[in-house]
Protein chains: 2
Amino acid sequence: MDNLLKYIHSLTVFSDKSWELLQPALAKKAFQKNELLLKEGEVCNSLFYIEKGYCKTYYEIDGMVKNTGFFFENEIATNITSFGSGRKSEFNIIACEPLTAILFDKKELFQAAKQANEIETLGRNCIRLFASKQEEFSNLFKLYSARERLQYLEVNHPGMIQRVSLSQLASFLGVARETLSRIRKRRMLM
Amino acid sequence: MDNLLKYIHSLTVFSDKSWELLQPALAKKAFQKNELLLKEGEVCNSLFYIEKGYCKTYYEIDGMVKNTGFFFENEIATNITSFGSGRKSEFNIIACEPLTAILFDKKELFQAAKQANEIETLGRNCIRLFASKQEEFSNLFKLYSARERLQYLEVNHPGMIQRVSLSQLASFLGVARETLSRIRKRRMLM
DNA sequence: GCTAACCTGTGATAATCGTCACATAATTAC
DNA sequence: GTAATTATGTGACGATTATCACAGGTTAGC
């Protein structure tokens, strides 16, 4: 839990008492590669703090897998819409490697947040980071071409390029696998 | 302030006392058409609850305006990254019509949130809605073609289609103005 | 080690899109 | 009302991309 505590302290002031109050909401869980953290049609009742490994969010449309996000160590993965509203999730979250996560249970978390304002603040900050990340990647498509989007990842998220295969990255960047391969080749020649 | 209070009650439990404590953080402000709510390079210290009118977020890159978001009545506009981190904003927010907004001042809001957990919870819920919206529009690009993205707006956000001109909508949908005009024409023939 | 599954590269071709140019509304300012 | 500005439609053409097909390389499981 050390990593999580560090993560929390990087976000907000957090007393030992808050940490204690938070404990009932936390549960460590290991996932195998290709094991689902959240399945389409289920309600998302957890925030997944990723301790080790990485996962992705994906839609399955007409039998085709469309990756919409990748989440790595010291990030929180969730379906924020489903988590917040209680509606069913329209997408899946799956482990891309053996993964260790600490789950924040929604009900217990809300319970704890009522007792300690610091926990409520922590929740707000987690969601804020999540929103910032969504905004960042959303804007990529409005501001840049496919080639520039790849370049952006190379500069700003090199870890993603290193760990995610070209095929997986393609739908995330909104292009066909073959196109991404050709873009990468063209970029290397320049 | 009636609209705002309704909005708040739709999000969370909110006592009269919380509403009173929140007052010092609120300020009503009118903007003319084409007046900036937030300017690139400034730090965003407000959440803008939109009472009447609408605004957009846009980047200016190489002299070209790229619209990244539109915000209408009963929504909150802000630069969540700048607001949360205190860093300078990389984009502008501008009124597209005469606009009335209620500004949440960051400093005062945080002060109030320390005194009332309900206000902290409200903040979390506002950000959650914001994150959901970002996620929704971000995924459009990964899941759908340009034509399908237009169709999605027609079905799910008809108000946006009605109020935002084709030229303005184009960069938001990630296509050239001329392309959007042709897509619309093709769709009408079917 | 061997097989099967997955990943990457590449050619051909059709579809889509961006850009430039210009014409015609529609709106705004005075 | 008139002029100026802005918004939209459209043709032409080059650039980019999706799709299908297939080959070779890499990885993982047994």
Side-chain angles (χ1 to χ4, degrees), chain A residues 31-35 53-54 56 58 60-67 70 94-99 140-154 160-190, chain B residues 32-35 53-54 56 58-67 70 94-99 140-154 160-190:
Chain A
F31 294 87
Q32 298 181 332
K33 184 175 175 177
N34 293 326
E35 192 179 345
Y54 77 97
K56 69 173 186 180
Y58 74 96
E60 205 167 339
I61 297 182
D62 301 330
M64 302 226 303
V65 170
K66 309 255 190 177
N67 302 320
F70 294 96
I94 196 169
C96 300
E97 289 179 353
L99 185 144
L140 284 186
F141 290 89
K142 294 157 189 160
L143 301 178
Y144 304 127
S145 67
R147 185 190 310 194
E148 290 168 327
R149 291 201 291 278
L150 175 62
Q151 188 169 359
Y152 181 90
L153 286 194
E154 288 173 344
M160 195 184 295
I161 300 275
Q162 284 159 18
R163 293 173 77 177
V164 179
S165 74
L166 181 145
S167 305
Q168 298 290 313
L169 211 59
S171 59
F172 178 72
L173 284 173
V175 293
R177 180 185 66 75
E178 298 90 332
T179 303
L180 187 55
S181 171
R182 291 182 176 115
I183 286 173
R184 197 168 68 172
K185 186 185 171 192
R186 262 184 292 161
R187 279 190 43 72
M188 282 166 52
L189 300 177
M190 295 190 297
Chain B
Q32 298 180 334
K33 185 175 174 175
N34 294 326
E35 192 179 346
Y54 78 98
K56 69 172 186 182
Y58 73 96
Y59 287 70
E60 205 167 338
I61 297 182
D62 300 330
M64 302 226 303
V65 170
K66 309 255 189 177
N67 302 320
F70 295 96
I94 197 170
C96 301
E97 291 177 352
L99 185 143
L140 283 187
F141 291 90
K142 294 158 189 159
L143 301 178
Y144 303 127
S145 68
R147 186 192 310 196
E148 290 168 327
R149 292 201 291 276
L150 175 62
Q151 188 169 0
Y152 181 90
L153 287 193
E154 289 173 345
M160 195 185 294
I161 300 276
Q162 284 159 18
R163 293 173 77 178
V164 179
S165 75
L166 181 144
S167 305
Q168 298 289 312
L169 212 58
S171 59
F172 178 71
L173 284 173
V175 294
R177 180 185 66 75
E178 297 91 334
T179 303
L180 188 54
S181 171
R182 291 181 176 116
I183 286 174
R184 197 167 68 171
K185 187 187 172 192
R186 262 184 292 160
R187 278 189 43 72
M188 283 165 54
L189 300 177
M190 296 190 295

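Every chain is numbered from 1 and lettered A, B, ... according to where its sequence line falls, protein lines coming before strand lines. Reckoned from all heavy atoms, side chains included, excluding hydrogens, waters and symmetry mates.
In this structure, CD of A:Q168 is placed 14 Å from C1' of D:dT27, rounded to the nearest angstrom. If you take CG of A:L180 and C1' of C:dC7, they are 12 Å apart, rounded to a whole angstrom. Nucleotide D:dT27 holds its P atom 15 Å from the CG atom of A:L166, rounded to whole Å. For B:R147 and D:dA18, the CZ to P distance is 15 Å, given to the nearest whole Å. If you measure from atom CD of A:E97 to atom P of D:dA28, you get 11 Å, rounded to the nearest angstrom. Going from atom CZ of B:F141 over to atom P of D:dT17 covers 15 Å, rounded to whole Å. Going from atom CZ of A:R163 over to atom P of C:dC7 covers 16 Å, rounded to whole Å. What separates NZ of A:K33 from P of C:dA5 is a distance of 15 Å, to the nearest Å.
Proximity of B:R186 to the phosphate of C:dC17: a side-chain N or O atom is located under 4.0 Å from OP1 or OP2. When the side-chain nitrogen and oxygen atoms of B:K185 are compared with OP1 and OP2 of D:dT10, one or more of them lie within a distance under 4.0 Å. Distances shown here put a side-chain N or O of A:S181 below 4.0 Å from the OP1 or OP2 atom of C:dG9. Between A:R184 and C:dG9 there is a side-chain N or O to OP1 or OP2 distance below 4.0 Å. At D:dA7, none of the side-chain N or O atoms of B:S167 fall inside 4.0 Å of OP1 or OP2 (strictly under the cut-off).
Comparing atom distances between the B:I183 side chain and each of C:dC7, C:dC17, C:dT16 picks out C:dC17 as nearest. Nearest nucleotide to the A:E178 side chain, out of D:dT10, D:dA21, C:dT8: D:dA21. Residue A:R177 has its side chain nearest to D:dC22 when only D:dT8, D:dC22, C:dT19 are considered. For A:R182, taking side-chain heavy atoms from C-beta onward, the closest of the listed nucleotides C:dG11, D:dG9, C:dG18 is C:dG11. Taking every side-chain heavy atom of B:A176 into account, C:dT19 is the closest of C:dG9, D:dT16, C:dT19.
Annotation: side chain of A:L153 is in contact with side chain of A:L173 (closest heavy-atom distance under 4.5 Å). Side-chain atoms of A:F141 and B:L140, non-hydrogen and from C-beta on, never get closer than 4.5 Å to each other. In this structure, the side chains of B:R184 and B:L169 stay at 4.5 Å or more apart for every pair of heavy atoms. When side chains are defined from C-beta on, A:Y144 does not count as touching A:Q151, because their heavy atoms never get closer than 4.5 Å.
Using a 30° and 60° split on the angle between ring planes, B:F172 and B:F70 fall in the perpendicular class, above 60°.
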